[in-house]
Amino acid sequence: MNKNKFYITNAIPYVNAKPHIGHALEFVESDTIARFHRQMGEEVLLLCGADENAIKNVQAAEQEKITVRQLVDRNSRLFEELAKKLNVDFDVFQRGSSEQHHKSSQKLWELCYKNGDIYKKQYTGLYCIGCELFYERHELNEKGECLEHPGKKLEEVSEENYFFKLSKYKKGIEKILKSNKIRIVPENRKNEALSFIKVGLKDISISRSNKRAKNWGVSVPGDTSQKMYVWFDALNIYQSGIGFDSDEKMYKKWWPANLHVIGKGILRFHAIYWIAFLLSAKLSLPESIFVHEYITVNGQKMSKTLGNVIDPLELIHEYGSNPLRYYLLRHISPFADGDFSKDKFEEIYNADLANGLGNLIARVAKLCENSNYVQMGSESRVSGHLISIEEYSDAISQFRFNDALSFVWKKIAALDKFINDEKPWDLFKNEDKRLKSVLSHSIDQIQEIAALLEPFLPETAEKIEKQFQGPEIKSQKPLFPRL
Ligand SMILES: [Zn+2]
């Protein structure tokens with residue numbers, strides 16, 4: 001296996017509605033990890049995509065009185081646009097309705113079938129369309145509703161389906177997770193997956209009738225009366241997007257994934273179902289799974305009924321993408337639910353970006369300009385040695401984005417203090433020779449800060465790098481105008 005490659009996947013969102021701020025959180029987390037690995041000189045592939053075969057999409061289209069095709073085309077474009085506007089440097093955006101993805105998923109099915117793990121039976125169960133999942137009664141609340149979607153009734157489904165022998169893989173998956181052969185971060189999510197396995201793994205339905213699927217989705221190979229269960233094909237986007245069954249060379253190069261980035265609500269699919277499908281198909285397993293939490297808005301869960309869904313595209317339009325990236329990565333904990341409010345967002349924008357970082361950059365540029373400072377020597381990029389800053393690189397490797405950014409802001413504060421102490425304006429007035437070294441040290445520090453910011457705020461980092469390149473440094477308009 002190529003040790004110098006890093007294949008990272010963003011979770012594949014349902015596209016039944018337009019993206020909300022939780023999707024933005026996941027995009028920027030994945031992108032930051034990917035950029036960090038690129039900085040370390042690895043060859044990186046970041047995959048994003050759209051889960052287009054869910055029944056939810058069919059229902060949403062019915063409500064809007066448009067075709068499912070129109071709905072997924074429109075909404076997938078919004079997700080792709082969000083990723084681009086957030087400066088997410090993805091390499092592949094794989095859509096679940098593409099023909100190539102359909103073919104690839106049929107290949108995965110056939111491999112599991114050949115291994116004797118798919119069989120047909122009559123079945124009755126309780127289905128949550130929100131989760132796209134059959135639940136056991138003991139997993140529901142006292143009203144018989146799923147924990148992710150309280151207030152929504154489950155649908156009782158009775159039909160003949162194809163089943164996957166999940167029970168067969170109980171011991172195998174348990175061993176894989178316990179031994180950290182697949183590393184799940186954080187630890188409490190690993191334990192959650194293990195406790196789910198402990199209760200026992202029943203075989204799962206992996207298809208539905210054309211009638212229930214409204215004829216939308218990936219057809220079951222050799223049976224035109226059934227469509228695949230959406231999670232069977234959706235997980236395979238991680239493979240179809242890198243050429244599984246269409247580009248052998250590309251697939252061999254990138255698979256297995258080094259990291260799946262997911263939200264806590266879809267842990268079971270990734271830590272259990274996905275592993276079982278891959279084991280059954282005799283394909284390699286992913287290396288690790290990072291599980292992030294959710295965003296609340298003004299302390300409340302985001303919901304259409306409450307009308308508090310935050311549209312990240314509007315925020316980007318109003319404030320730019322890098323302030324949003326900063327808020328999500330620094331002020332939303334990667335391992336606990338975090339809160340967003342516009343007031344807090346604006347407060348942090350002014351304090352950390354307009355004052356903290358922006359003010360420092362403007363200050364040093366002005367000092368250089370006023371004292372006619374001319375840079376000598378190599379003022380090239382310094383990112384090469386950044387991985388040696390352990391406090392910073394350890395934090396990113398452990399997905400503690402907030403800690404890595406705290407480290408950078410400590411550097412910003414330290415440089416501010418250095419300038420206050422050295423008073424370069426006095427040195428200039430007194431024609432003190434030390435002025436040169438004070439400015440040169442400040443510029444070095446700024447270049448290092450820019451390089452450290454690159455995985456987090458790529459656009460900001462680039463602006464700073466450009467401003468402090470070349471012999472003469474000039475003042476420019478503020479990086480983050482005060483609100
Ligand atoms: Zn649910």
Side-chain angles (χ1 to χ4, degrees), residues 1 5-14 22-23 25-37 42 44-51 79 83 88-96 101 104-105 108 131-133 169 173 176-177 179-194 196-197 230-244 251 253-281 283-294 334-335 396-401:
M1 199 174 82
K5 71 94 184 168
F6 188 78
Y7 174 33
I8 169 171
T9 67
N10 195 77
I12 309 301
Y14 297 122
H23 297 112
L25 171 70
E26 184 167 288
F27 274 141
V28 303
E29 287 178 338
S30 300
D31 184 55
T32 297
I33 301 165
R35 285 177 185 273
F36 177 67
H37 281 267
E42 291 172 33
V44 175
L45 190 144
L46 170 58
L47 173 137
C48 301
D51 176 353
F79 278 85
V88 173
D89 194 5
F90 59 87
D91 304 279
V92 176
F93 192 93
Q94 177 75 343
R95 295 182 53 184
H101 170 72
S104 171
S105 303
L108 177 65
C131 294
E132 299 281 2
L133 180 66
Y169 294 96
I173 297 172
I176 286 164
L177 297 187
S179 67
N180 290 331
K181 193 179 163 203
I182 296 175
R183 187 172 71 111
I184 299 180
V185 181
E187 189 82 5
N188 63 321
R189 294 295 163 204
K190 168 184 157 181
N191 295 334
E192 185 188 328
L194 283 169
F196 182 75
I197 297 169
V230 62
W231 275 103
F232 190 90
D233 88 85
L235 290 160
N236 188 52
I237 282 183
Y238 301 141
Q239 292 199 107
S240 72
I242 52 158
F244 180 60
Y251 178 71
K253 176 175 176 183
W254 293 105
W255 192 256
N258 299 79
L259 178 65
H260 291 315
V261 176
I262 63 167
K264 63 179 167 184
I266 53 174
L267 174 68
R268 166 190 320 204
F269 304 109
H270 287 78
I272 297 165
Y273 294 6
W274 183 223
I275 308 309
F277 300 155
L278 290 170
L279 286 170
S280 170
L283 298 166
S284 306
L285 303 178
E287 256 173 38
S288 48
I289 303 172
F290 160 53
V291 190
H292 65 78
E293 307 278 312
Y294 291 161
F335 304 123
I396 302 184
S397 310
Q398 293 159 17
F399 315 118
R400 292 183 284 110
F401 311 105

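What you see is a predicted model; the values in this text were computed from it and never measured.
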Is a side-chain N or O of [X] found less than 3.5 angstrom from the main chain of [Y], in a donor-acceptor match?
X	Y	result
E29	V261	no
Y294	G265	yes
W255	S284	yes
S104	F244	yes

What distance do K264 atom NZ and R268 atom CZ have between them, rounded to the nearest 0.5 Å?
->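 Spacing of NZ (K264) from CZ (R268) equals 15.0 Å.
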Rounded distance [0.5 Å steps], CZ in F401 versus CD1 in I396 =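 Spacing of CZ (F401) from CD1 (I396) equals 8.0 Å.
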Is the distance between the ring centroids of H270 and Y238 under 6.0 Å?
-> yes
Applying salt bridge (charged side-chain N to carboxylate O under 4.0 Å, His left out) to R189 and not counting sequence neighbours gives E192, E293
Those residues at least two apart in sequence (or on a different chain) that pass side chain to side chain contact (heavy atoms under 4.5 Å, CB included) with R400 are F335, D394, A395, Q398, N402, D403
Apply side chain to side chain contact (heavy atoms under 4.5 Å, CB included) to E132 and list each qualifying residue two or more places apart in sequence or on a separate chain.
->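 With sequence neighbours excluded, E132 shows a side chain to side chain contact (heavy atoms under 4.5 Å, CB included) to Y14, A54, I55, K56, Y127, I129, R208, V230, W231, given in chain and number order.
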Closest approach of [X] to [Y] (non-hydrogen atoms, all atoms of both residues):
X	Y	result
D89	L46	O-CD2, 3.9 Å
S30	I8	O-CD1, 3.5 Å
P13	G49	CD-O, 3.1 Å
I173	I272	CD1-O, 3.6 Å

Is there a donor in the side chain of D233 and an acceptor in the side chain of S105, or the other way round, less than 3.5 Å apart?
->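 The criterion, which ignores hydrogens and geometry beyond distance, is not satisfied for S105 and D233.
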Only one of N258, I182, L259 passes side-chain contact (heavy atoms from CB on, under 4.5 Å) with E287; say which it is.
->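 Single side-chain contact (heavy atoms from CB on, under 4.5 Å) partner of E287 among N258, I182, L259: N258.
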Decide yes or no for Y251 and L283: does some side-chain heavy atom of the first lie under 4.5 Å from some side-chain heavy atom of the second?
-> yes
Aromatic ring pairing F269/Y273, orientation class (parallel under 30°, perpendicular over 60°, tilted between) | perpendicular
